[in-house]
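What follows is a single structure, written as structure tokens, with notes after it.
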2 protein chains.
Amino acid sequence: MLLSHSPNQNHLLAALPTADFERIAAHLELVAMPLGKYLYEPDEQLWHAYFPTTAIVSLHYVTESGASAETAGVGNEGVVGIALFMGGDTTPSSAMVQTAGHAYRLESSLLKQEFNRAGLMQSLLLRYTQALMTQMSLTAACNRHHSIEQRLCRWLLLTLDRVPSQELVITQEQIAIMLGVRREGITEAAGNLQRAGNIHYRRGHITVLDRSGLEASVCECYGVVKKEFDRLLCDVQYRT
Amino acid sequence: MLLSHSPNQNHLLAALPTADFERIAAHLELVAMPLGKYLYEPDEQLWHAYFPTTAIVSLHYVTESGASAETAGVGNEGVVGIALFMGGDTTPSSAMVQTAGHAYRLESSLLKQEFNRAGLMQSLLLRYTQALMTQMSLTAACNRHHSIEQRLCRWLLLTLDRVPSQELVITQEQIAIMLGVRREGITEAAGNLQRAGNIHYRRGHITVLDRSGLEASVCECYGVVKKEFDRLLCDVQYRT
DNA sequence: TTGCCTATGTTCGGTACCGCACAGACATAG
DNA sequence: CTATGTCTGTGCGGTACCGAACATAGGCAA
């Protein structure tokens, strides 16, 4: 956080060829992403796409009764605002900052313009979108068939992959909202993981002590999603 | 079924400008889609995109333990094989024919070629893909928060919107697989709907007697998905 | 018709999770 | 240092759904 910022901390931006990157570089605006901030709400017009560097954003749907469930997370591997280049401009879902940090944002018209050049940027964005769809599909299946503890492990590992440290700043309540369960369910599952020595919990902070322990408890969904992200976005050349 | 076939029965194909359509028309191949046929299995290379006319295809994920859950359905409003133009070529999900019928298929290279012309075809496919993502998101949330009966109603209504008749040819067992629940759960939920006079069940055939009754029992997810499909694909001009 | 397979209905015990209520423990502001 | 609000732990009854086992009945084939 205290280090200097660079668009290259976002994998998509880092994967752009120099010429493409320089065209948009001057328009990339570093913005702080405070915990809980909504980047967009249902059916609300988007004005920017956000390329997270240290922040993590949760894409989720809130039901009429107020219950919610995360459908996918976006960190430094991706971009928030898919709907801009897909052509819909809005979505019925919400995007909320789940881990505070920073992102570079780009005005929607510039993103669309760059997408329509049909160059590597377009290809990257489309492949990323497909990876995002995989995450959504897997989440749907995971929500049906796997236990809270398994889903908690999946969530922790996916989040851990997006931050540099072993510590996540988040309350059990917030995790419960993401997973669409009661807070007490998280208390119990996290308690099990803590007793097993895999994590350490402290009032809004989780430290992962033994990553392999989580990997032993997690359902297949984590591995499938991770593998798919690697597959779809692996063969890119990073600048710098 | 007995009537003559036309690519225009598929909404995406019907929405293409004449010039675009004529370029691919000769390459569109009518294929029968028998119940239970797998169009692709996990990580298997796709060779064709399928534009259903009377068939309905279920996109779903099968877990390692053999449990499965539908993430989205594709009927005459869409196309199976998104991964071809998104750039991933394969997905970890499966696509299986859920309602027998027909589809027009197009060789993958031709689809990619047409997509890369960056004309209306591209725009249509991208908007359709976004609608599909909405369906996946909603399914994830719906799986967490809504009852089997609500989800059954959602599934029935979405399927009904894709067929001309009021009768669906499907067993409770198959519906259970789609929704990712036990067959007994469907027996009970369908029994309730039958007692309420909304549907009539007969060994592999469901007839919807009172659509408004289903709409009264369904969760919001149906309406949100439907509205989003309408919004994203409404402003197209249909040929013929 | 008869026989057989498959689809549907029903029951039973078990469990994962929910909703609610409340107690304690930590962390920060004053 | 104390007060206050937030976060976490725990217990309770209730329920939706699961897994398995089995009964019944519809529809097709011979």
Side-chain angles (χ1 to χ4, degrees), chain A residues 35-36 63 65-69 98-100 140-156 167-196 198-207 217 219, chain B residues 35-36 63 65-69 98-100 140-156 167-196 198-207 217 219:
Chain A
L35 181 64
T63 68
S65 63
S68 79
Q98 162 217 306
T99 298
C142 197
N143 279 349
R144 272 299 316 127
H145 297 296
H146 300 138
S147 69
I148 292 186
E149 190 168 328
Q150 288 176 306
R151 273 148 54 211
L152 174 59
C153 289
R154 168 175 65 85
W155 191 89
L156 286 173
E167 183 179 304
L168 308 178
V169 180
I170 192 165
T171 66
Q172 298 187 345
E173 175 82 43
Q174 290 170 305
I175 296 181
I177 293 172
M178 306 283 162
L179 297 188
V181 298
R182 285 186 320 157
R183 193 223 75 222
E184 293 89 328
I186 301 298
T187 300
E188 192 185 337
N192 292 341
L193 294 176
Q194 177 148 243
R195 269 186 295 280
N198 296 327
I199 64 173
H200 174 69
Y201 225 116
R202 176 181 68 86
R203 235 185 131 71
H205 301 253
I206 314 179
T207 307
S217 303
C219 51
Chain B
L35 180 64
T63 67
S65 64
S68 79
Q98 163 218 304
T99 298
C142 196
N143 280 349
R144 274 296 320 128
H145 296 295
H146 299 138
S147 69
I148 292 186
E149 189 168 327
Q150 287 176 307
R151 274 147 55 210
L152 174 60
C153 289
R154 168 174 64 86
W155 190 91
L156 286 173
E167 182 180 304
L168 308 178
V169 180
I170 191 162
T171 66
Q172 298 187 344
E173 175 81 43
Q174 292 171 303
I175 296 181
I177 292 172
M178 306 283 165
L179 297 188
V181 298
R182 285 185 320 158
R183 192 222 77 220
E184 292 88 330
I186 301 298
T187 300
E188 191 185 338
N192 291 341
L193 294 176
Q194 177 149 243
R195 268 186 297 279
N198 297 327
I199 64 173
H200 175 69
Y201 224 111
R202 176 180 67 84
R203 236 184 129 69
H205 301 251
I206 314 178
T207 306
S217 303
C219 50

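Hydrogens, waters and symmetry mates are skipped; everything else that's a heavy atom, side chains included, is used. To find a chain, count down the sequence lines: A is the first, B the second, and so on, and within it residues start at 1.
The side chain of I148(A) sits closest to dC17(C) out of dG19(D), dC17(C), dG9(C). Listed candidates were dC18(C), dT8(C), dC17(D). Nearest to the side chain of T187(B) is dT8(C). Across dT8(C), dA20(D), dC18(C), the shortest atom-to-atom separation from the side chain of R182(B) is found for dA20(D).
Side chain R203(B) to base dG27(D): no donor-acceptor pair is found below 3.5 Å. The base of dA20(D) sits within donor-acceptor range of the side chain of E184(B), with an N or O pair under 3.5 Å.
Looking at Q172(A) and I206(A), their side chains never come closer than 4.5 Å, going by heavy atoms from C-beta outward. Side-chain contact between L168(A) and L156(A) is present, with at least one heavy-atom pair separated by less than 4.5 Å.
To the nearest angstrom, P of dT8(D) lies 8 Å from CD1 of I175(A). Whole-Å rounding puts the I199(B) CD1 to dT8(C) P distance at 11 Å. In this structure, L35(A) atom CG and dT6(D) atom C1' are separated by 14 Å, rounded to whole Å. Here dC17(D) presents its C1' atom at 13 Å from CG of L179(B), a figure rounded to the nearest Å. If you measure from atom NE2 of H145(B) to atom P of dC18(C), you get 9 Å, rounded to the nearest angstrom. Per the geometry, CG belonging to N192(B) stands 16 Å off P belonging to dT8(C), to the nearest Å. When rounded to the nearest whole Å, the span between CG of N143(A) and P of dC18(C) equals 11 Å. In this structure, Y201(A) atom OH and dC7(D) atom C1' are separated by 9 Å, rounded to whole Å.
The distance from atom OG1 of T171(B) to atom CZ of R183(B), rounded to the nearest 0.5 Å, is 9.5 Å.
Of all the heavy atoms in C142(B) and R154(B), the pair that sits closest is SG-NE, 3.2 Å.
Nucleotides of DNA chain C nearest to H205(A) and I170(B) differ in position, and the one nearer the 5' end is that of I170(B). Each of H146(B) and R195(A) was matched to the nucleotide of DNA chain D holding its nearest heavy atom; the match closer to the 5' end belongs to R195(A). Each of R183(B) and E173(A) has a nearest nucleotide on DNA chain D; the 5'-most of these lies closest to E173(A).
For the OP1/OP2 pair of dG27(D) and a distance below 4.0 Å, the side-chain nitrogens and oxygens of R202(B) include at least one atom meeting the criterion. The side chain of Q172(A) contributes an N or O atom lying less than 4.0 Å from OP1 or OP2 of dG9(D). Taking only side-chain nitrogens and oxygens, R144(B) comes nearer than 4.0 Å to OP1 or OP2 of dC18(C).
G204(A) comes within 4.0 angstrom of the backbone, heavy atoms only, and of no base.
Between the side chains of T187(B) and E184(B), not a single donor N or O lies within less than 3.5 Å of an accepting N or O.
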